[in-house]
There are 2 protein chains.
Amino acid sequence: MVVDDEPSIRDLLAASLRFSGFEVLTAADGYEAVEVAERASPDLVVLDVMLPDLDGFEVAKRIAAPVLFLTARDATEDKIFGLGVGDDYVTKPFSLEEVQARIRAVLRRTRGESAPASRLRVADLELDEEAREVWRGGRPVRLSPTEFKLLHYFMSNAGRVLSKAQILDHVWNYDFGGDAGVVESYVSYLRRKVDAGEPRLIHTLRSVGYVLREPPAG
Amino acid sequence: MVVDDEPSIRDLLAASLRFSGFEVLTAADGYEAVEVAERASPDLVVLDVMLPDLDGFEVAKRIAAPVLFLTARDATEDKIFGLGVGDDYVTKPFSLEEVQARIRAVLRRTRGESAPASRLRVADLELDEEAREVWRGGRPVRLSPTEFKLLHYFMSNAGRVLSKAQILDHVWNYDFGGDAGVVESYVSYLRRKVDAGEPRLIHTLRSVGYVLREPPAG
DNA sequence: GTGACCCTTCAGCTATTCCTCAGCCTCCTG
DNA sequence: CAGGAGGCTGAGGAATAGCTGAAGGGTCAC
């Protein structure tokens with residue numbers, strides 16, 4: 001369930017999560033959230049701290065499901081964890097990659113026992129979501145946060161063509177004002193760090209986008 | 001549904017989509033669009049961002065259907081995706097091939113589960129729309145964007161005779177000023193890249209046009 | 001405060017792609 | 001068989017997209 005009073009953010013999250021295969025309910029304020037949560041018992045709630053009626057913390061207390069908070073950047077962290085309420089948080093403005101990563105982490109944690117692999121693999125390139133580690137051909141690679149998010153997006157969409165606009169929308173914060181040139185820069189960084197050896201995995205499709213895949217045999 | 005205030009573009013799109021088997025409604029401005037959409041609940045809306053009354057984004061919010069935006073090339077592309085509104089966009093001037101490709105992609109995506117093949121095949125020539133890959137006799141072929149569009153047009157009209165004018169109208173942008181000589185050039189490119197081996201698939205019908213098909217056995 | 005790292009922009013460079021054109025070829029016709 | 005219309009293709013110039021090194025500014029840890 002996604003709870004935010006701003007329709008644009010609510011829709012953005014809902015659409016992106018649905019695309020990733022989640023079933024999504026939404027609510028625009030605290031009372032609606034509590035109500036919907038009672039009726040539908042969601043597996044997890046993405047909850048804006050700042051709501052028009054009820055305080056986000058208040059809502060969290062009344063909801064049985066795990067909670068991922070959305071909060072302004074300047075909110076002090078202790079407030080979130082200190083209250084013993086909420087399982088993690090993401091600061092606004094966020095990137096979709098980040099929110100999804102946190103969601104999966106919380107689900108993994110709260111569901112306990114079942115510890116899914118959380119490891120992506122394409123050819124001899126491996127990425128561990130939890131440990132935030134990457135190997136190419138068994139050799140560890142150090143990536144900056146953005147590089148990691150970008151590679152993660154590529155790997156979880158391996159074989160699918162991604163336009164620069166799509167990449168920008170998923171990997172960068174939703175309020176990013178710049179142009180798609182950054183994507184080129186970061187692809188260049190990634191290529192240098194993880195795509196130096198054969199076979200090349202990140203391919204450019206001119207005027208279309210990029211795709212991460214093993215080159216077709218032949 | 002097609003929404004654009006310019007009659008020429010509206011009619012161009014409507015005619016081309018009808019020919020491809022879609023059922024098409026049109027609207028000339030924002031309010032009409034919202035109204036028609038409510039009455040008819042279209043499966044998808046092709047929507048010009050620049051409308052005389054309502055802003056295209058505003059219209060999109062009030063419409064339940066998936067939206068494919070039409071936008072000027074120089075418009076800041078960033079804001080299209082990012083607002084969580086609209087599912088894809090095409091810049092003006094566009095080619096009909098491109099619009100139809102995007103439409104199919106959006107429908108494929110929003111309808112989810114049903115993942116149609118999206119793969120065309122004629123003899124030993126194969127084309128994957130999503131991956132943008134082409135094989136001839138199992139061997140991958142690299143095509144430029146225009147070559148790919150042209151081949152796609154040929155393959156989705158296999159067996160049908162296409163005049164150079166038709167090809168120009170579908171594969172090239174609607175504002176293309178040049179003459180049909182380009183088509184000859186690109187057919188030549190295609191022949192070299194994908195039609196070198198037997199059997200020849202692209203046939204010239206002198207002073208009529210071209211046709212892609214397997215020669216009748218014998 | 002300082003240094004390390006990170007993010008973003010930018011500009012020069014390279015590679016690719018697009019389109020035109022001219023010369024040659026092919027087919028049809030008379 | 002000659003002539004002409006239509007078609008083919010190689011060459012080349014212009015435009016465009018993409019790559020990457022460098023630089024500026026920001027943030028964070030120490």
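Nothing here was measured: the structure is a model prediction, and the numbers come from that model. A, B, ... follow the sequence lines: proteins, then strands. Residue 1 opens every chain. Note that these values count all heavy atoms, side chains included, but never hydrogens, waters or copies made by symmetry.
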Chemist: Dump the pairs, protein N or O against N or O of nucleotides 26-30 of chain C, anything under 3.5 Å, distances to one decimal.
Modeler:
from   : atom 1 : to     : atom 2 : distance (Å)
C/dT26 : O2     : B/R206 : NH2    : 2.8

Chemist: A/R200 has an atom CZ; how far is it from atom C1' of D/dG18, in whole Å?
Modeler: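 Value for this atom pair: 14 Å.
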Chemist: Expected output is a numbered-order residue list: members of residues 142-151 of chain B with a heavy atom under 4.0 Å from any atom of DNA chain D. What is it?
Modeler: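 Hits under 4.0 Å, by residue number: none.
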Chemist: Contact class for B/G181 vs. all strands (heavy atom < 4.0 Å): base, sugar-phosphate, or nothing?
Modeler: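 Here B/G181 touches no strand at all.
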Chemist: Taking NZ from B/K193 and C1' from D/dC8, how many angstroms apart are they, rounded to a whole number?
Modeler: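 Rounded to whole Å, this separation is 17 Å.
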Chemist: Rounding to an integer number of Å, can you tell me how far A/D195 CG sits from D/dG18 C1'?
Modeler: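 In whole Å, D/dG18 C1' lies 16 Å from A/D195 CG.
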Chemist: What class does the angle between the rings of B/W172 and B/F176 fall in, given that below 30° is parallel, 30 to 60° is tilted and above 60° is perpendicular?
Modeler: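 Judged by the thresholds at 30° and 60°, the geometry between B/W172 and B/F176 is tilted.
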Chemist: Check for a donor-acceptor pair, side chain of A/N157 on one end and backbone N or O of A/R160 on the other, with a separation under 3.5 Å.
Modeler: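 Side chain of A/N157 to backbone of A/R160: no pair is present.
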Chemist: Can you tell me how far the CG atom of B/L143 sits from the CG atom of B/L150, to the nearest 0.5 Å?
Modeler: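 The distance works out to 9.5 Å.
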Chemist: Is any side-chain N or O of A/S188 closer than 4.0 Å to OP1 or OP2 of D/dG18?
Modeler: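 Checking D/dG18 against A/S188, no side-chain N or O comes under 4.0 Å of OP1 or OP2.
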Chemist: A/L17 and side chain to side chain contact (heavy atoms under 4.5 Å, CB included): which single residue from A/L96, A/L12, A/I103 fits?
Modeler: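 The residue from A/L96, A/L12, A/I103 that satisfies side chain to side chain contact (heavy atoms under 4.5 Å, CB included) with A/L17 turns out to be A/I103.
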Chemist: Could you check B/R136 against B/D195 for salt bridge (Lys or Arg N to Asp or Glu O under 4.0 Å), going step by step and ending with a plain yes or no?
Modeler: CA-CA 8 Å; B/R136 180 66 196 269; B/D195 209 15; 3.1 Å; yes
Chemist: Going from CE on A/M50 to CG on A/D5, what distance comes out if it is rounded to the nearest 0.5 angstrom?
Modeler: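 A/M50 atom CE to A/D5 atom CG measures 9.5 Å (nearest 0.5 Å).
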Chemist: Test B/E129 against B/R104 for salt bridge (Lys or Arg N to Asp or Glu O under 4.0 Å), laying out the working first.
Modeler: CA-CA 10 Å; B/E129 305 187 275; B/R104 286 175 212 284; 5.4 Å; no
Chemist: So, does A/R192 get its side chain near the phosphate of D/dG21, meaning an N or O under 4.0 Å from OP1 or OP2?
Modeler: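 Yes, such a contact exists.
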Chemist: How close or far is atom P of C/dT16 from atom CG of A/L205, stated in whole angstroms?
Modeler: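 The distance from CG of A/L205 to P of C/dT16 comes to 14 Å, rounded to the nearest Å.
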Chemist: A/D48 and A/K92: salt bridge (Lys or Arg N to Asp or Glu O under 4.0 Å), yes or no, with the steps?
Modeler: CA-CA 9 Å; A/D48 191 8; A/K92 288 185 177 185; 3.2 Å; yes
Chemist: Would you kindly compare B/S207 and A/R191 by the position of their nearest DNA chain D nucleotide and give the one closer to the 5′ end?
Modeler: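 Counting from the 5' end, the first nearest nucleotide belongs to B/S207.
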Chemist: Are any of B/S185's side-chain N or O atoms less than 4.0 Å away from OP1 or OP2 of C/dC18?
Modeler: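 No, B/S185 has no side-chain N/O under 4.0 Å of OP1/OP2 on C/dC18.
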Chemist: How many angstroms lie between atom CE of A/M1 and atom CZ of A/R10, to the nearest 0.5 angstrom?
Modeler: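 Those atoms lie 12.0 Å apart.
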Chemist: Counting only heavy atoms and a strict 4.0 angstrom limit, can you tell me which residues of residues 158-175 of chain B come near DNA chain C?
Modeler: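 Those residues are B/W172.
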Chemist: Please indicate whether B/F19 has more than 12 foreign heavy atoms, meaning atoms of other residues, nucleotides or ligands, lying under 6.0 Å from its CZ.
Modeler: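 No, CZ of B/F19 has 12 or fewer neighbouring heavy atoms, counting only those of other groups under 6.0 Å.
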Chemist: Do the non-hydrogen side-chain atoms of B/L127 and B/L125 ever get within less than 4.5 Å of each other?
Modeler: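 SC-SC contact between B/L127 and B/L125 ruled out.
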Chemist: When you check the phosphate oxygens OP1 and OP2 of C/dT8, does a side-chain N or O of A/Y189 lie under 4.0 Å from one of them?
Modeler: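 No, because none of the side-chain N or O atoms of A/Y189 sits under 4.0 Å from OP1 or OP2 of C/dT8.
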Chemist: In whole Å, what is the span from the CD1 atom of B/I202 to the P atom of D/dC8?
Modeler: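 From B/I202 CD1 to D/dC8 P: 10 Å.
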Chemist: For residues A/Y153 and A/E97, report the shortest heavy-atom separation together with the two atoms involved.
Modeler: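 What the structure gives for the nearest pair is CD1-OE2, 3.3 Å.
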Chemist: Which whole-number value in Å describes the distance from A/D179 CG to D/dC19 P?
Modeler: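 It works out to 14 Å between those atoms.
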Chemist: Atom CD of A/E184 to atom P of C/dA15: distance rounded to whole Å?
Modeler: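 Going from A/E184 (CD) to C/dA15 (P), I get 16 Å.
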